[in-house]
2 protein chains.
Amino acid sequence: MSLSHALLGLLAIEPASGYELSKEFERDLGRYAWQAGHTSVYPELIRMTEQGLVEVTHEGARRSRTYAVTDKGREELRSWLLAPWGQGVVRNEQVLRLFLLEALEPDETVTALRDLVEHAEGRISELRRLREEQDAEPRQGRDTLGQLAAEYGLRQYQATHDWALWAIEHVNRRQGSDSA
Amino acid sequence: MSLSHALLGLLAIEPASGYELSKEFERDLGRYAWQAGHTSVYPELIRMTEQGLVEVTHEGARRSRTYAVTDKGREELRSWLLAPWGQGVVRNEQVLRLFLLEALEPDETVTALRDLVEHAEGRISELRRLREEQDAEPRQGRDTLGQLAAEYGLRQYQATHDWALWAIEHVNRRQGSDSA
DNA sequence: GCGAGACCTGCCAAAGATGACATGTAAGAT
DNA sequence: ATCTTACATGTCATCTTTGGCAGGTCTCGC
């Protein structure tokens, strides 16, 4: 399961409470990579503690527990990150929609593609801003995307954007030659 | 739920049996966009029939039932395809790994990135081949990715590939200046 | 004729995810 | 003092997904 790997990764960067981890999934991590509610996170942390992947290092105010990765957990994370690419389960609603877009009428396909262009532009300027903030004051820790991840997102959305423009042309050409 | 939308989309392109639909999820659709086993597909088709989204148009040999989209189903598909982008649940193991890659030691990060470069190269040549086949003999129907989807995949993997090369440089630079 | 393999559908237990509901604590504002 | 809000953790019913098991049908080659 990938939720445990997400938690291991976050805790490897910096120890945190279940509450803090849950918040992460509402930020960039959840927006771009992996979602999870607190009702999944807390039980999962308990399971992982039982398996010796993480441990409670501190109990603070309001019953809060700070977790940290154990050596075993760090090893598990390492082997997951170094495993061959392209193995896991693929379930991407965005890409599914692109696959099925051609089930629409050509003019509606174009409408959807134009919306996508706008959406991608929004994400691109969002990520550009983020990158500039990072360049200005490089931070440590988890409160912001890593530089690698931000750059990745930027390039993906740029590719999506350019593709959508190409696709609009493509559909228009096809439609034009049909009616010619 | 997106499984129903995937099925609606496939059936909108061409009516099919549960068996044929299941096979789709083992091909490009399942590789790139959405996975599902036959044990999900059959019950879902029954649910969708009850909801009036699809109907059985033909019963053939070996108890096979051919499904087709109803008007209601077509309308549901249409509104899903035209809905605003960036709404659905994000759960992408690939991207999650990229987010957490920096939890590794720099030299291991580079190892993982090099693997990713190779992986992306494999996918790119796969998709290029597919595109050439499509250009040679344009097909109808669902037995191959649409041209739009193939081009999309190609551009995404190209972006991933270029990013990974950039990221290797980035990590090396950072490591170099640390030890300088 | 017979066996292998593709075709075609299904059940069921277990695991995982979602959303409603519940509970209590500390800090800061008015 | 009181109230609101963020902090912090949890239960439970429901739904979805997965993987193992099961069973019958048609075709084709030998």
DNA chain C: B:Gly18 or A:Met1, which has the more 5' nearest nucleotide?
B:Gly18
Reckon A:Ser64 touches a base, only the sugar-phosphate, or nothing at all at heavy-atom distances under 4.0 Å?
sugar-phosphate
Quick test of your reading of the model: are B:Glu126 and B:Arg129 salt-bridged, counting only N-O distances below 4.0 Å?
no
Rounding to 10 degrees, work out the angle separating the end axes of the helix from C:dC8-D:dG23 to C:dT30-D:dA1 (five pairs an end).
20°
What verdict does the salt bridge (charged side-chain N to carboxylate O under 4.0 Å, His left out) test give for B:Glu102 and B:Arg174, after you've listed the backbone C-alpha separation in whole Å, the side-chain angles of each residue and the deciding distance to 0.1 Å?
CA-CA 12 Å; B:Glu102 292 176 270; B:Arg174 201 160 52 183; 3.3 Å; yes
Are A:Met48 and A:Leu3 co-members of a hydrophobic cluster defined by side-chain heavy atoms under 4.5 Å apart?
yes
Not counting sequence neighbours, which residues clear salt bridge (charged side-chain N to carboxylate O under 4.0 Å, His left out) with A:Glu76? List them please.
none
Leading and trailing nucleotides of DNA chain D with any atom under 4.0 Å from heavy atoms of chain A:
D:dC7 to D:dT18
Would you list the pairs meeting salt bridge (Lys or Arg N to Asp or Glu O under 4.0 Å) in which at least one residue belongs to residues 54-69 of chain A, sequence neighbours left out?
none
Taking the side chain as C-beta and beyond, is there a heavy-atom pair between A:Trp34 and B:Asn92 under 4.5 Å?
no
Flag the pair A:Leu53 / A:Val69 as yes when at least one side-chain heavy-atom distance between them is below 4.5 Å, and no otherwise.
no
Can you tabulate the close N/O pairs, meaning under 3.5 Å, that link protein atoms to atoms of nucleotides 20-23 of chain C?
none

Atom-pair distance (CZ on A:Arg62; P on C:dT25), nearest Å
11 Å
Does any non-hydrogen side-chain atom of A:Leu101 lie less than 4.5 Å from one of B:Leu81?
yes
Could you pull out the protein-nucleic contacts involving nucleotides 3-5 of chain C (nitrogen or oxygen on both sides, under 3.5 Å)?
none

Go through the structure and list residues passing salt bridge (charged side-chain N to carboxylate O under 4.0 Å, His left out) with B:Glu169, not counting sequence neighbours.
none
What residues 42-61 of chain A contributes to the DNA chain C interface at heavy-atom separation below 4.0 Å is none
Might you work through the side chain to side chain contact (heavy atoms under 4.5 Å, CB included) test for B:Glu75 and B:Thr70, ending with a clear yes or no?
CA-CA 9 Å; B:Glu75 191 41 47; B:Thr70 63; over 6 Å; no
Listed once per pair and sorted, the ring-ring contact (aromatic ring centres under 6.0 Å, His included) pairs that draw on residues 1-24 of chain A, sequence neighbours left out
A:His5-A:Trp80
Starting from C1' on C:dA17, measure out to CH2 on A:Trp34 and report it in whole angstrom.
11 Å
Do B:Glu14 and B:Glu20 have side chains that get closer than 4.5 Å, going by heavy atoms?
no
Rounded distance in Å - CG (A:Leu7) to C1' (C:dG16):
14 Å
Partner set under ring-ring contact (aromatic ring centres under 6.0 Å, His included) for A:His58, not counting sequence neighbours:
none
Is a side-chain donor or acceptor of B:Arg155 paired with a backbone partner of A:Ala159 at a separation under 3.5 angstrom?
no
Exercise answer: donor-acceptor pairs, residues 115-124 of chain B side-chain atoms, under 3.5 Å, sequence neighbours excluded:
{"residue": "B:Glu121", "atom": "OE2", "partner": "B:His161", "partner atom": "NE2", "Å": "3.1"}
{"residue": "B:Arg123", "atom": "NH1", "partner": "B:Tyr157", "partner atom": "OH", "Å": "2.8"}

Interatomic distance at P, D:dA22 relative to C:dC7, whole Å
23 Å
Begin from the C-alpha positions of B:Trp163 and B:Ile168 and carry the test side chain to side chain contact (heavy atoms under 4.5 Å, CB included) through to its verdict.
CA-CA 9 Å; B:Trp163 169 82; B:Ile168 290 169; over 6 Å; no
Out of curiosity, B:Leu11 CG to B:Arg74 CZ, how far, rounded to the nearest 0.5 Å?
9.5 Å
Hey, can you pull the residues of residues 88-96 of chain B with a non-hydrogen atom under 4.0 angstrom from DNA chain C?
B:Arg91
For A:Phe25 and C:dT18, give me the distance from atom CZ to atom P, rounded to whole Å.
11 Å
Roughly how many Å is it from OH in B:Tyr67 to C1' in C:dC8, rounded to a whole number?
11 Å
Can you tell me how far apart CE (B:Met1) and CG (B:Leu7) are? Round to the nearest 0.5 Å.
8.5 Å
